[in-house]
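Everything numeric in this text was worked out from a predicted model, so none of it was measured. Every chain is numbered from 1 and lettered A, B, ... according to where its sequence line falls, protein lines coming before strand lines.
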Number of protein chains: 2
Amino acid sequence: MYLLGMSNLNPTSYTILGGLSVQPDLSGYDIRKGIQQSIGYFWAESYGQIYPALKRLAREGLIAPSKASPNGRKRRQTYVLTDAGRAALRQWLALPFHNETPRNEFLLKLFFAGVASPDVAIAHIQDLNERNRRWLVTIKTIEASIPPEQPSNPHLPYWMLTLSLGKAMTSAALEWGEKALAALNAREASAAGSPQLPTTRTRKTSTSPRKQTRGKRGSMRSERKVSK
Amino acid sequence: MYLLGMSNLNPTSYTILGGLSVQPDLSGYDIRKGIQQSIGYFWAESYGQIYPALKRLAREGLIAPSKASPNGRKRRQTYVLTDAGRAALRQWLALPFHNETPRNEFLLKLFFAGVASPDVAIAHIQDLNERNRRWLVTIKTIEASIPPEQPSNPHLPYWMLTLSLGKAMTSAALEWGEKALAALNAREASAAGSPQLPTTRTRKTSTSPRKQTRGKRGSMRSERKVSK
DNA sequence: TGGGTCATGTAATAGGTTACATGATTGC
DNA sequence: GCAATCATGTAACCTATTACATGACCCA
């Protein structure tokens, strides 16, 4: 009965189903905003994914257009979950989760930092610490915005768990970063005390790395396939 | 002088440059193996990325084919870093690191776990804990394999730092997982004690989710674009 | 002589971001 | 009337994984 040509949705689609299961009558725009505000510290979606996914989900009957416009807004399409959609969501929830391929560019640069000046590693760790401090603020903000809800909400215990994992990991990384920074600074200081061969490294006064431009950021598209 | 049509390499290319900066005369195969064995807990590369990247790096003069075959193997192409390659690597190392888009499927499923039976969340957390325990073993294995090197190795302090961050975050996650599991089990037990309406949830004996098949794993390609 | 691993490579496809285009609505 | 934000959508890329093809070498 439900082995028609559908299935094999992408994670974006399941995120949409999940969002609509928590709150019906959301538009694509709402969904994106909701994701940013509630699970933005561990999940992101772009419009380029959301709108096509909505079309497809509707086509396959997992969501349905709804007319309800909670506020007076017009020209926006909201959706609700269908029974089939709820079933698909439950099915997906029960499957083992995928490990995302590990790709941590911070750790990669730290691993190879021996080729560069110690300033580089120090700057990256400072950068990481700042980002982590900001994450902690974000997480605490979300945390503060939750309790007011009705306490019988079946989602609440799980929402608290996701927040506490986020907090635990970010805190651990921040503690590591502060210790690492202290260790590297001590090492730098002692190196400055003892004699040192003049090497490639030019002791810069600023430790902050300059802005990174990589294909992205539209302009500055210097790359143009060398051969072929 | 060095503003020719090159630059804008992808992370894979920089990983290769990094690998060759630590040890020259590696083949594509070696590089992949080396990555798995030393930084596999935070970085992965596939052949489909490595071989094209090697070609391109050689074309742009950042690496050069070398003849040295450390062991007696034949029919394999090894490479060394050129001066330009080392410069490119240093330049990239100094740029701020990219945050990978946060996409943690475990947290996503946990967040929406309220739509499903409590067994689902419990199974996922057990799964996570097992993976984390395995990570810790891997990290400790790598850790044990490092000290024998010459202590003057300039990479060593950074390698130790990457390992300690990996360990800190994994341990934090594991501690969280154990507490979370205890909390959910307690909740389940107390729910079983108090009367409960018969709902959709079918109390399964097994808590382990079944194998996930999603397009990948070649066979079982049930999806076949419904329309268009 | 045959299995395992070494070794290189490519085609199909998935999955996703960015930049851009377009226009409506709200509030000042 | 104008800026900000709401709102939808698409085309051009990029990045990466998977599956497959191909064959050499090692050793028992």
Side-chain angles (χ1 to χ4, degrees), chain A residues 7-16 25-36 43-56 58 65 69-79 98-103 105 213-225 228, chain B residues 7-16 25-36 43-56 58 65 69-79 98-103 105 213-225 228:
Chain A
S7 85
N8 274 89
L9 303 176
N10 58 24
T12 300
S13 300
Y14 290 111
T15 308
I16 292 173
D25 293 317
L26 297 174
S27 66
Y29 194 84
D30 295 333
I31 289 169
R32 169 122 200 274
K33 214 176 52 175
I35 288 169
Q36 283 182 332
W43 200 266
E45 291 293 349
S46 62
Y47 292 129
Q49 291 277 103
I50 287 178
Y51 286 110
L54 283 171
K55 287 280 161 66
R56 184 178 166 193
S69 308
N71 49 23
R73 303 219 150 266
K74 279 143 219 160
R75 209 184 96 81
R76 60 192 232 113
Q77 189 49 262
T78 59
Y79 296 88
H98 281 301
N99 263 350
E100 79 250 70
T101 313
R103 281 217 143 191
E105 202 182 273
T213 345
R214 274 233 28 254
K216 44 157 42 203
R217 293 287 153 238
S219 51
M220 162 109 210
R221 44 182 59 250
S222 49
E223 151 140 278
R224 214 60 298 185
K225 283 288 190 283
K228 196 347 119 42
Chain B
S7 85
N8 275 89
L9 302 176
N10 59 24
T12 300
S13 301
Y14 289 111
T15 308
I16 291 173
D25 293 316
L26 296 174
S27 66
Y29 193 85
D30 295 333
I31 289 169
R32 168 119 202 275
K33 212 177 52 177
I35 288 169
Q36 283 183 331
W43 200 265
E45 291 294 350
S46 62
Y47 291 130
Q49 290 277 101
I50 286 178
Y51 285 110
L54 282 171
K55 286 281 161 65
R56 184 180 165 192
S69 307
N71 48 23
R73 303 221 150 264
K74 279 143 220 161
R75 207 183 97 81
R76 61 192 232 113
Q77 187 49 260
T78 60
Y79 297 88
H98 281 301
N99 264 348
E100 79 249 71
T101 312
R103 282 216 141 194
E105 203 183 272
T213 343
R214 276 233 25 258
K216 46 159 38 209
R217 293 287 153 239
S219 50
M220 163 109 212
R221 43 182 61 252
S222 50
E223 150 139 278
R224 212 65 293 189
K225 284 288 188 284
K228 185 15 95 51

Output the single nucleotide from D:dT15, C:dA7, D:dT8 whose closest atom is nearest the side chain of B:Arg76.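 Given the options D:dT15, C:dA7, D:dT8, the side chain of B:Arg76 is closest to C:dA7.
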
Among the nucleotides D:dT17, C:dA7, C:dG15, whichever has the atom closest to the side chain of A:Asn10 is C:dG15

Using atom [atom1] of [X] as one end and atom [atom2] of [N] as the other, report the distance to the nearest whole Å.
X: B:Ile50; N: C:dC6; atom1: CD1; atom2: C1'; result: 14 Å
X: B:Ile31; N: C:dT8; atom1: CD1; atom2: C1'; result: 13 Å
X: A:Glu100; N: D:dT17; atom1: CD; atom2: P; result: 12 Å
X: A:His98; N: D:dT18; atom1: NE2; atom2: C1'; result: 13 Å
X: B:Leu9; N: D:dC14; atom1: CG; atom2: C1'; result: 14 Å
X: B:Trp43; N: D:dT15; atom1: CH2; atom2: P; result: 11 Å
X: A:Asn8; N: C:dA14; atom1: CG; atom2: P; result: 9 Å
X: B:Tyr29; N: C:dT5; atom1: OH; atom2: P; result: 9 Å

Those residues at least two apart in sequence (or on a different chain) that pass side chain to side chain contact (heavy atoms under 4.5 Å, CB included) with B:Glu100 are none

Exercise for review: Indicate whether the side chain of B:Glu45 and that of B:Thr12 have a donor and an acceptor atom separated by less than 3.5 Å.
Suggested key: yes

Between B:Gln77 and B:Thr101, which is nearer to the 5' end of DNA chain C once each is assigned its nearest nucleotide?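 Result: B:Gln77.
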
Check: Quick one: are A:Leu26 and A:Thr78 in side-chain contact, heavy atoms under 4.5 Å?
Finding: no

| query | Do A:Gln77 and A:Ser27 touch side chain to side chain, with heavy atoms closer than 4.5 Å? | reply | no

dist B:Thr15:OG1 -> B:Trp43:CH2 (nearest 0.5 Å) comes out at 5.0 Å

- Within the pair B:Ser27 and C:dT8, is there a side-chain N or O less than 4.0 Å away from OP1 or OP2?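 B:Ser27 to C:dT8 OP1/OP2: side-chain N or O found under 4.0 Å.
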
Name the pairs: protein N/O against N/O of nucleotides 9-11 of chain D, kept only if under 3.5 Å.
unit_1, atom_1, unit_2, atom_2, d
D:dG9, OP1, A:Lys55, NZ, 3.0

Q: Please determine if A:Arg76 forms a cation-pi arrangement with A:Tyr29, meaning its NZ or CZ atom is less than 6.0 Å from the six-membered ring centre and no more than 45° off the ring axis.
A: no

(Q) Looking at A:Ser13 and A:Leu9, would you say the former's side chain and the latter's main chain have a donor-acceptor pair under 3.5 Å? (A) no

